[in-house]
Amino acid sequence: MWTFVGAGAKRFEESRRNMADVMASRVDWIKAAVAEFRPEKNCVVTQDGKTISYDYLVVALGIQLDFGKVKGLAEAVGKNCVSSNYCPDTVEMTWKYLQDLKGGNAIFTFPNTPIKCAGAPQKIMYLADDLLRKKGIRKDVDISYYSALPVIFGAKKYAATLGEVAKRKGINLNFRNHLVEVKADSKEAIFENLDTKESKTVKYDFMHVTPPMSPPDVVKGSPLSDCGGWVDVDKETLQHKKYSNVFGIGDCTNVPTSKTAAAVAGQAGVLRKNLLAYMKGLAMTGKVFGRTMRLVSVYRIF
């Protein structure tokens with residue numbers, strides 16, 4: 001939804017609700033973050049030092065935004081005509097900067113890491129193109145997409161269509177390029193070609209950045225993680241491969257699907273079914289079949 005907030009089609013307030021309003025009445029809500037997993041002892045340690053025991057554990061920590069992994073990005077994002085729809089503190093700046101843009105270079109990026117909602121970096125680019133056309137200034141703005149991927153989209157069926165969309169819209173596609181530095185004072189973005197290792201400096205008048213992402217720090221290196229830092233679960237049952245009373249769901253796991261809300265929605269029923277079966281000592285028959293979905297809007301329809 002934040003893509004539409006950044007494109008001026010939705011209000012930020014529509015995207016959030018108070019946690020207390022959605023918390024089930026029978027849940028004991030512990031208002032503290034997890035700092036350590038101790039699955040051998042069936043407990044977790046919170047950031048305030050409390051140890052909490054469990055019989056069953058579901059890990060649903062999402063994915064971590066790593067703005068600090070790009071030199072100068074953390075200091076630039078949200079100002080200096082640099083925005084990101086992935087952050088609640090900066091998503092509304094996307095709309096402001098697009099409204100203020102009169103001409104020059106508009107850059108959109110995709111990092112060299114797994115990310116959540118992999119269609120979002122393109123969605124805001126297409127919606128920006130549509131906005132600029134409606135303002136009558138598209139001819140004055142050069143739009144470029146810099147992606148670390150070798151193709152515009154992972155699925156060939158849709159990659160061909162999106163390639164045609166980009167061509168029709170006059171968008172410059174630059175693959176195998178990832179952002180390594182932002183020089184906010186001079187409005188310059190430095191990209192590294194992943195194949196040649198050559199660097200390229202690009203001037204921008206507006207830049208939407210999709211930051212690098214990774215498993216949450218508390219998961220990395222924990223007994224629950226695989227070699228990549230993700231919660232190591234069976235790709236069908238969502239049960240942890242080593243600790244049978246631990247389950248994982250969503251972006252923090254190593255389930256081989258795109259990290260999207262649609263994927264989580266598909267996993268939720270499977271996890272519920274299997275967790276209840278495990279608690280009753282029954283066979284787990286729920287299976288994740290790897291289906292997911294991404295919405296890629298190419299026009300502003302709101």
Side-chain angles (χ1 to χ4, degrees), residues 1-12 14-15 65 67 70 73 76-111 115-149 151-153 158-159 161-175 177-179 182 184 187-189 191 200 202-212 260 294-302:
M1 185 175 178
W2 281 353
T3 293
F4 298 123
V5 174
K10 293 286 185 179
R11 293 182 299 108
F12 179 69
E14 297 177 68
S15 71
L65 304 181
F67 284 97
V70 176
L73 177 57
V77 69
K79 46 187 178 293
N80 303 305
C81 297
V82 179
S83 71
S84 178
N85 289 345
Y86 280 89
C87 180
D89 297 329
T90 62
V91 59
E92 292 178 294
M93 297 306 297
T94 301
W95 177 235
K96 178 185 183 304
Y97 291 147
L98 286 174
Q99 287 181 300
D100 293 343
L101 187 62
K102 306 301 180 184
N105 294 325
I107 296 175
F108 299 81
T109 75
F110 190 109
I115 67 169
K116 56 183 174 180
C117 195
Q122 288 186 61
K123 281 191 288 185
I124 186 58
M125 177 174 66
Y126 299 137
L127 294 173
D129 168 87
D130 195 51
L131 171 67
L132 296 172
R133 291 181 187 278
K134 289 177 178 178
K135 290 174 63 178
I137 62 170
R138 177 62 179 87
K139 65 183 184 303
D140 301 318
V141 180
D142 187 71
I143 297 180
S144 297
Y145 183 55
Y146 284 85
S147 172
L149 300 178
V151 292
I152 194 168
F153 203 76
Y158 303 111
T161 299
L162 289 172
E164 287 300 315
V165 170
K167 182 179 180 180
R168 184 172 69 246
K169 288 177 173 288
I171 295 172
N172 305 308
L173 302 177
N174 303 271
F175 299 124
N177 281 271
H178 76 122
L179 183 66
V182 177
K187 289 188 177 180
E188 291 179 314
F191 295 90
K200 178 180 180 180
V202 182
K203 299 282 289 186
Y204 65 83
D205 296 278
F206 165 75
M207 180 164 62
H208 177 272
V209 176
T210 300
T260 65
R294 299 179 201 161
L295 171 66
V296 180
S297 304
V298 297
Y299 294 102
R300 191 178 186 274
I301 57 177
F302 294 89

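Since the model is a prediction, treat every value here as computed from it, not as a measurement. Hydrogens, waters and symmetry mates play no part in the numbers below; they use all other heavy atoms, side chains included.
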- Which pair of heavy atoms, one from Asp205 and one from Cys81, lies closest together, and at what distance? O-CB, 3.3 Å
- Between Thr90 and Ser84, what is the shortest heavy-atom contact and its length? OG1-O, 2.7 Å
- Are side-chain heavy atoms of Cys87 and Phe67 found at a separation under 4.5 Å? yes
- Message: Restricting to side-chain hydrogen bond (donor to acceptor under 3.5 Å, both in side chains), what partner residues turn up for Ser83, sequence neighbours left out?
- Response: Thr94
- Message: A side-chain contact here means heavy atoms from C-beta on lying under 4.5 Å apart; do Trp95 and Ile124 qualify?
- Response: no
- Would you call Met207 and Val182 a side-chain contact if the rule is heavy atoms closer than 4.5 Å? yes
- Val202 side chain near Tyr146 side chain, heavy-atom distance below 4.5 Å: yes
- Item | Closest approach of Gln122 to Phe153 (non-hydrogen atoms, all atoms of both residues) | NE2-CD1, 4.0 Å
- Flag if over 12 foreign heavy atoms under 6.0 Å of OH, Tyr158: no
- Message: Quick check: do Met125 and Lys169 have side-chain heavy atoms less than 4.5 Å from each other?
- Response: no
- Nearest 0.5 Å, what's the CE-SG distance between Met1 and Cys117? 13.5 Å
Check residues 103-111 and write down every donor-acceptor pair under 3.5 Å in which the side-chain atom is one partner and the other belongs to a residue at least two apart or another chain.
unit_1: Asn105; atom_1: ND2; unit_2: Lys203; atom_2: O; d: 3.2
unit_1: Thr109; atom_1: OG1; unit_2: Thr210; atom_2: N; d: 3.1

- Task: Return the set of residues passing side-chain hydrogen bond (donor to acceptor under 3.5 Å, both in side chains) with Ser15 (not counting sequence neighbours), or none when no residue passes.
- Result: Trp2
- Query: Minimum heavy-atom separation for Ala76 to Val82, with atom names?
  - Reply: O-CB, 3.8 Å
- Message: Before you tell me yes or no, could you show the steps for Val209 and Val77 under side-chain contact (heavy atoms from CB on, under 4.5 Å), namely the whole-Å CA-CA distance, both residues' side-chain angles and the distance that decides it to 0.1 Å?
- Response: CA-CA 8 Å; Val209 176; Val77 69; 5.7 Å; no
- Is it true that Asp129 and Arg138 have a side-chain N and a carboxylate O under 4.0 angstrom from each other? yes
- Answer yes when Glu164 and Lys167 have at least one side-chain N-carboxylate O distance shorter than 4.0 Å, and no when they do not. no
- Taking all atoms of both residues into account, what is the closest heavy-atom pair of Pro211 and Ile115, and its distance? O-CG2, 4.2 Å
- Query: Under a 4.5 Å cut-off applied to non-hydrogen side-chain atoms, are Asn177 and Ser147 in contact?
  - Reply: no
- Query: Distance from Leu132 atom CG to Leu101 atom CG, nearest 0.5 Å?
  - Reply: 6.0 Å
- Message: Counting C-beta onward and ignoring hydrogens, is there a side-chain heavy-atom pair between Val5 and Glu92 closer than 4.5 Å?
- Response: yes
- So which heavy atom on Tyr126 is nearest to which on Val165, and how close? CE2-CG1, 3.9 Å
- Message: Using 0.5 Å steps for rounding, measure from the CZ atom of Phe206 to the CE atom of Met93.
- Response: 10.0 Å
